[in-house]
Amino acid sequence: MKIAIYPGSFDPVTLGHLNIIKRAAACFDRLIVCVMVNSSKRGMFLPEERVELLKKATARFPNVEVDFADGLLAAYAKKRKARVVVKGLRAVSDFEQEVQMAVINRKLNPSLETMFLASSEKYTYLSSTVVKEMARYGANLEEFIPREIVEDVRQRMALLQERKD
Ligand code: PNS
């Protein structure tokens, strides 16, 4: 059974992430979408909330599982018997950091390969940071995130704005 992991912060999952999930799920028997901690980013949602949002957004893909892991990706992959990490590349600017992570992960777990999928051109501009900015200014979120989670993101942004006032 070919198992791949698609790791990320997913704060929150975007249509760009969903596009990668759909395409990667078509290439492997099982795809584990794993919410992980990126120590350089502050969160809008708690990791367990991001898992719930991802579950809502990926419910229609039978071979996709959503999980959370709080350690190193290389160790998690070993535990889950996954040999492949899938990453999306939006632009050349993603490349340097992604290759660095791929090399570190293979150093830590030599049987782990990282495979890159080129983002769909529709989503090259899209990131969770852009989504948060759009939510802050009340833009139409359906263009950026899965329909199933639009209300969750709207409500969370309203709560964060309320707390600031
Ligand atoms: O969506 P992001 O923030 O680009 O995802 C980055 C993420 C979470 C995949 C990366 O930070 C990660 O793998 N974190 C887990 C800890 C780890 O294994 N770090 C070593 C890679 S340098």
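Keep in mind that the numbers below use all heavy atoms, side chains included, and drop hydrogens, waters and symmetry copies. Every number for a ligand or one of its atoms is a count from 1 in the order of the listing. Residue indices begin at 1 and follow the sequence shown.
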### Message
Here's a test for you: under side-chain contact (heavy atoms from CB on, under 4.5 Å), which of Asn105, Val86, Leu73 qualifies with Pro7?
### Response
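Exactly one option meets the side-chain contact (heavy atoms from CB on, under 4.5 Å) with Pro7, and it is Leu73.
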
### Message
Taking side-chain contact (heavy atoms from CB on, under 4.5 Å) as the criterion, tell me which of Leu18, Val33, Ile149, Val64 meets it with Leu54.
### Response
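Considering Leu18, Val33, Ile149, Val64, a side-chain contact (heavy atoms from CB on, under 4.5 Å) with Leu54 is found only for Val33.
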
### Message
Arg80 vs Asp67, test: salt bridge (Lys or Arg N to Asp or Glu O under 4.0 Å). Steps then yes/no.
### Response
CA-CA 11 Å; Arg80 299 300 313 263; Asp67 196 9; 3.5 Å; yes

### Message
Has Asp11 got a side-chain atom pairing as donor or acceptor with Phe45's backbone, closer than 3.5 angstrom?
### Response
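Yes, Asp11 side chain to Phe45 backbone: donor-acceptor pair under 3.5 Å.
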
### Message
With a 3.5 Å distance limit and no angle check, can you tell me whether Asn63 reaches the backbone of Ala25 through a side-chain donor-acceptor pair?
### Response
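Confirmed, Asn63 side chain pairs with Ala25 backbone.
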
Enumerate, one pair per line, all nitrogen or oxygen atoms of ligand 1 lying under 3.5 Å from a protein nitrogen or oxygen, stating the separation to 0.1 Å; write 'none' if no such pair exists.
residue, atom, partner, partner atom, Å
ligand 1, 1 (O), Ser9, N, 2.9
ligand 1, 3 (O), Ser9, OG, 2.5
ligand 1, 3 (O), Asn38, ND2, 2.8
ligand 1, 3 (O), Lys41, NZ, 2.7
ligand 1, 14 (N), Val37, O, 3.3
ligand 1, 18 (O), Leu73, N, 2.8

### Query
Is there a path of hydrophobic side-chain contacts, each under 4.5 Å between heavy atoms of I, L, V, M, F, W or Y residues, that connects Leu15 with Phe61?
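Yes; tracing contacts between hydrophobic side chains, which count when under 4.5 Å, links both residues.
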
